[in-house]
Enquirer: 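Have a look at this one.
Residue numbers start from 1 in every chain, and the chains themselves are labelled A, B, ... in the order their sequence lines are given, proteins ahead of strands.
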2 protein chains.
Amino acid sequence: MVEKLREHIQKRVPLTDDEFAFVLAHFTLKTYKKHQFLIQEGEPVRYAYFVISGLLKLVYTDEAGKQHIVSFAMEDWWETDFQAFFAQSTATLSVECLEDTVVFCLSLENYHKLCDGLQKFERFFLQLTIAGSIAAQRRILSLLTTKAKERYEQLLNQYPTLIQRVPKALLASYLGVSRETLSRFTD
Amino acid sequence: MVEKLREHIQKRVPLTDDEFAFVLAHFTLKTYKKHQFLIQEGEPVRYAYFVISGLLKLVYTDEAGKQHIVSFAMEDWWETDFQAFFAQSTATLSVECLEDTVVFCLSLENYHKLCDGLQKFERFFLQLTIAGSIAAQRRILSLLTTKAKERYEQLLNQYPTLIQRVPKALLASYLGVSRETLSRFTD
DNA sequence: TGATTAGTGTGATATACATCACGCCATAAT
DNA sequence: ATTATGGCGTGATGTATATCACACTAATCA
């Protein structure tokens, strides 16, 4: 539980026991059941979440009521509506459990305290954000350059476990293709 | 010139004169002509660039030799192949001038020195990266949820000046649509 | 200045993909 | 046990967009 968070941070910056204790004190642990919402559109976004176990989806619902998957979050991933979290405004996205899920919650206030109190944490978070930003750019490129079938195959290679845990309709939505079209990709 | 960089950083974190002098000492100024490359695919990426004036494009060339615009960079924007810059590996993207362009160059070595020597700079860069990451997510959503014509209209509203400075074929590439289709959008 | 090239528009045709409609099974709820 | 419900596949049809081909104009250059 606690070790997962420590390992995750230490992949990027080393921490002493004391430093990690300081970090840990700023998180709270929560458990959610499948179908529960961590963030609902229109409501304030109180936390950024680090996933210990389980699976989340980050979703945008368009005017027509159609859902679009912005991202999934498995073990070791962070998830929240970052725009609303940092601006302390209400969510335009929602976060829902696809499985029973355990998360560490970090409030914006505690995020600031962590960054002020431990420079290493800020550096960790910067590295994390840079990596996320690069990944987002790759996804944009893949949307620009490849057909849906190719994107699906890339996803199969990159996250083979995800495919088994997520209904295909949601994978389709993540890839920007209809579930019917994705269903024909085994051809 | 120098003031542009200072204003840009101070939008996010305040700086004393001394602090800014320290920051500035880590940048070098360079001037490029239209059609020159700042970064070429396959070559090492020595700098991240802050644009003082002019206009850059960040481009990916696919196996078929077709170019795809990852992003444009106008005044006050940063541009580089971040993946390659931080990993100190060779570029998979290239950066080329669409106009005569003046940039401040920051090497990775100096980036680290800046972060180590002035925590405020690291905070500034984190905020910048967070904003970039959120913007990338918005672009992904717009690619997932909207038709090309709508994306074009959104771009017109968001960056009206860009449209006048950039050939439509490049806008089309940025939007993920063929130039012929984009050309029919005035209907 | 005349020639080349870049930028743009537009018709005809092809295609990837969406949408609608239906049926089938497995799981969950009553 | 029976009924809903969710997940998945598949045919038929429609549409947004790609691709190919060509022409026209405005820059750029020799």
Enquirer: Which pairs count as side chain to side chain donor-acceptor pair (under 3.5 Å) when at least one residue sits in residues 128-147 of chain A, sequence neighbours excluded?
Expert: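 Every side chain to side chain donor-acceptor pair (under 3.5 Å) pair that includes a residue of residues 128-147 of chain A, provided the two are not neighbours, is Arg138(A)-Gln83(B).
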
Enquirer: Output, in order, the C-alpha distance, side-chain angles, deciding distance and verdict of ring-ring contact (aromatic ring centres under 6.0 Å, His included) for Phe50(A) and Phe27(A).
Expert: CA-CA 9 Å; Phe50(A) 174 74; Phe27(A) 285 83; 7.5 Å; no

Enquirer: Answer yes or no: is there an ion pair linking Glu19(B) with Lys120(B), defined by an N-O contact shorter than 4.0 Å?
Expert: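 Looking at Lys120(B) together with Glu19(B), the answer is yes, because their closest N to O distance falls below 4.0 Å.
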
Enquirer: First and last nucleotide of DNA chain C touching chain B, 5' to 3', heavy-atom cut-off 4.0 Å?
Expert: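 Range of nucleotides within reach of chain B: dG7(C) to dA12(C).
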
Enquirer: Below the 4.0 Å mark, does dC8(D) have OP1 or OP2 next to a side-chain nitrogen or oxygen of Ser183(A)?
Expert: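 The answer is no; no side-chain N or O of Ser183(A) sits under 4.0 Å from OP1 or OP2.
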
Enquirer: Taking atom CH2 of Trp77(A) as the centre, report whether more than 12 heavy atoms of other residues, nucleotides or ligands fall under 6.0 Å from it.
Expert: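 Result for CH2/Trp77(A): open.
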
Enquirer: What is the distance from CG of Leu143(B) to C1' of dT17(D), rounded to the nearest Å?
Expert: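 Leu143(B) atom CG is separated from dT17(D) atom C1' by 15 Å.
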
Enquirer: Around atom CZ of Arg46(A), are there more than 12 heavy atoms of other residues, nucleotides or ligands at under 6.0 Å?
Expert: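 Result for CZ/Arg46(A): open.
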
Enquirer: Figure out the NZ/P separation between Lys33(B) and dC29(D), and round it to whole Å.
Expert: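 Nearest whole value for this atom pair: 12 Å.
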
Enquirer: Give, ordered by number, those residues of residues 167-175 of chain B having at least one heavy-atom distance below 4.0 Å to an atom of DNA chain D; if nothing qualifies, reply none.
Expert: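 Within residues 167-175 of chain B, no residue comes under 4.0 Å of DNA chain D.
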
Enquirer: Give the angle between the helix axes at the two ends of the helix from dT1(C)-dA30(D) to dC22(C)-dG9(D), taking five base pairs at each end and rounding to 10°.
Expert: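 Roughly 40°, once rounded to the nearest ten degrees.
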
Enquirer: Provide the full list of salt bridge (charged side-chain N to carboxylate O under 4.0 Å, His left out) pairs with a residue in residues 76-87 of chain A, sequence neighbours left out, each pair given once.
Expert: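 Every pair satisfying salt bridge (charged side-chain N to carboxylate O under 4.0 Å, His left out) with a residue in residues 76-87 of chain A: Lys11(A)-Asp76(A).
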
Enquirer: Please enumerate all residues that pass salt bridge (Lys or Arg N to Asp or Glu O under 4.0 Å) together with Asp100(B), with sequence neighbours excluded.
Expert: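 In terms of salt bridge (Lys or Arg N to Asp or Glu O under 4.0 Å), with neighbours along the sequence ignored, Asp100(B) is linked to Lys33(B).
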
Enquirer: Could you check whether Lys113(B) pairs with Glu109(B) (Lys NZ or Arg NE/NH1/NH2 to Asp/Glu carboxylate O, under 4.0 Å)?
Expert: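 Glu109(B) and Lys113(B): salt-bridged.
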
Enquirer: Look at the side chain of Glu180(B) and the base of dC20(D), then say whether one donor and one acceptor between them are separated by less than 3.5 Å.
Expert: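 Present.
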
Enquirer: Hey, does the side chain of Lys34(B) come within less than 4.0 Å of dA27(D)'s phosphate (OP1/OP2), counting only N and O?
Expert: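 For dA27(D), OP1/OP2 do not have a side-chain N/O of Lys34(B) under 4.0 Å.
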
Enquirer: Ignoring hydrogens and angles, does a donor from either the side chain of Arg184(B) or the base of dT19(D) sit under 3.5 Å from an acceptor on the other?
Expert: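 Pair found.
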
